[in-house]
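Please read the structure below before turning to the comments.
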2 protein chains.
Amino acid sequence: MTTEKRNTWQKDAVRTELGNAKGFVSAQELHLNLKNAGSTIGLATVYRALADLASQNEADSLQSKDGELLYRACGTEHHHHLICRKCGKTVEIEAEKVEAWADEVAKEHGFTKPSHTIDIFGDCGNCS
Amino acid sequence: MTTEKRNTWQKDAVRTELGNAKGFVSAQELHLNLKNAGSTIGLATVYRALADLASQNEADSLQSKDGELLYRACGTEHHHHLICRKCGKTVEIEAEKVEAWADEVAKEHGFTKPSHTIDIFGDCGNCS
DNA sequence: AAGCGTATTGACAATCATTATCAATAACGC
DNA sequence: GCGTTATTGATAATGATTGTCAATACGCTT
């Protein structure tokens with residue numbers, strides 16, 4: 001019996017709220033937002049809904065510097081980060097060439113469904 | 001008065017163990033390794049030593065998917081990995097162009113002492 | 001070599017995000 | 001509407017990391 005899937009107002013609420021959020025949001029923040037808007041949704045449910053969205057590629061996730069998991073509605077854009085070691089300042093960078101390179105390298109070695117992790121660290125101007 | 005710094009066998013032990021580790025290691029792993037090697041070093045001390053090394057640019061840190069903080073010795077020559085999601089098979093890859101690109105991007109944004117993390121994931125031939 | 005001031009240690013408590021538990025609820029097919 | 005069962009939500013549990021603080025030991029001076 002393949003897992004049956006049901007639609008609930010909770011999942012819709014999370015999806016909608018995630019869409020309304022500008023950038024990345026943590027599960028805790030999202031839960032707070034919903035609560036403040038009058039929702040009675042539970043924290044655990046928010047976590048589960050976000051995990052679901054992520055596994056269905058409706059959301060992207062990344063980790064903030066202090067270990068929180070952040071989500072954003074799955075925009076098309078995929079970018080990487082330049083991060084300051086000292087103050088944590090983060091700059092979003094484009095990496096089209098590198099994306100292509102990564103996919104090519106994977107293919108050369110017979111790997112399929114390539115994905116990658118690329119982050120650059122350094123000391124930013126203020127911290128040097 | 002500027003904070004005085006002292007050398008202890010604990011810091012050396014952490015530095016050495018980090019150097020011996022192949023790739024990235026978590027603080028917990030490192031502590032376990034040291035314990036298994038007969039050291040009586042405390043867990044909190046390992047965390048502090050790693051944080052120190054990171055702040056002195058003797059180590060880089062990044063976050064694993066499951067939220068752990070991972071460290072690796074920096075300054076030594078490094079390569080990158082192509083990793084199979086399923087079986088964990090790892091292929092070492094060259095990335096000179098990308099290395100150069102990373103340094104250039106960092107410089108463009110006023111970042112100094114650039115370092116980076118680049119890993120490619122995929123399903124290898126046997127696992128596809 | 002001995003003494004001193006204080007940075008550092010380490011055992012343990014505290015914190016905080018996330019996950020597991022499980023009885024109660026509600027979605028979907030009939 | 002009815003029954004099955006995925007889903008919810010309050011709460012406990014987990015696990016990595018940080019804070020606490022008395023005891024220790026590093027580096028300097030004598």
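Within every chain, numbering begins at 1; the chains are lettered A, B, ... in the order of the sequence lines, protein sequences first and strands thereafter. FYI, side chains are in, hydrogens and waters are out, and symmetry mates aren't considered; it's all heavy atoms of this structure.
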Provide, to the nearest angstrom, the distance between the [atom1] atom belonging to [X] and the [atom2] atom belonging to [N].
X: B/D52; N: D/dT17; atom1: CG; atom2: C1'; result: 15 Å
X: A/K35; N: D/dT8; atom1: NZ; atom2: C1'; result: 12 Å
X: A/R15; N: D/dT7; atom1: CZ; atom2: C1'; result: 15 Å
X: A/E68; N: D/dT18; atom1: CD; atom2: P; result: 14 Å
X: A/I41; N: C/dA26; atom1: CD1; atom2: P; result: 14 Å
X: B/E29; N: D/dG15; atom1: CD; atom2: P; result: 15 Å
X: B/L43; N: C/dA14; atom1: CG; atom2: C1'; result: 14 Å
X: A/L32; N: C/dT18; atom1: CG; atom2: P; result: 14 Å

Of B/L69 and A/K11, whose nearest nucleotide on DNA chain D comes first from the 5' end? A/K11
Report, as yes or no, whether the 6.0 Å neighbourhood of atom NZ on B/K35 holds more than 12 heavy atoms from other residues, nucleotides or ligands. yes
In terms of heavy-atom contacts, does CD of B/E96 have more than 12 from other residues, nucleotides or ligands at under 6.0 Å? no
With sugar-phosphate meaning primed atoms plus P, OP1 and OP2, does [X] contact a base, only sugar-phosphate, or nothing at under 4.0 Å between heavy atoms?
X: A/T8; answer: sugar-phosphate
X: A/T40; answer: sugar-phosphate
X: B/Q10; answer: sugar-phosphate

Heavy atoms, side chains only, cut-off 4.5 Å: are A/H116 and A/H80 in contact? yes
Would you say the base of C/dT6 and the side-chain of B/R6 have a donor-acceptor pair closer than 3.5 Å? yes
Between the base of D/dG9 and the side chain of A/R48, is there any donor-acceptor pair under 3.5 Å? yes
Check this one for me: any side-chain N or O of [X] less than 4.0 Å away from OP1 or OP2 of [N]?
X: B/T45; N: C/dT9; answer: no
X: B/K5; N: C/dA7; answer: no
X: B/Y47; N: D/dT17; answer: yes

Of all the nucleotides listed (D/dG9, D/dT17, C/dA17), which has the minimum atom distance to the side chain of A/W9? D/dG9
Pairwise salt bridge (charged side-chain N to carboxylate O under 4.0 Å, His left out) hits with a residue in residues 7-21 of chain A, at least two apart: A/D12-A/R15, A/R15-A/E58
Does the B/H31 side chain pair with the main chain of B/I41, one donor and one acceptor, at a distance under 3.5 Å? yes
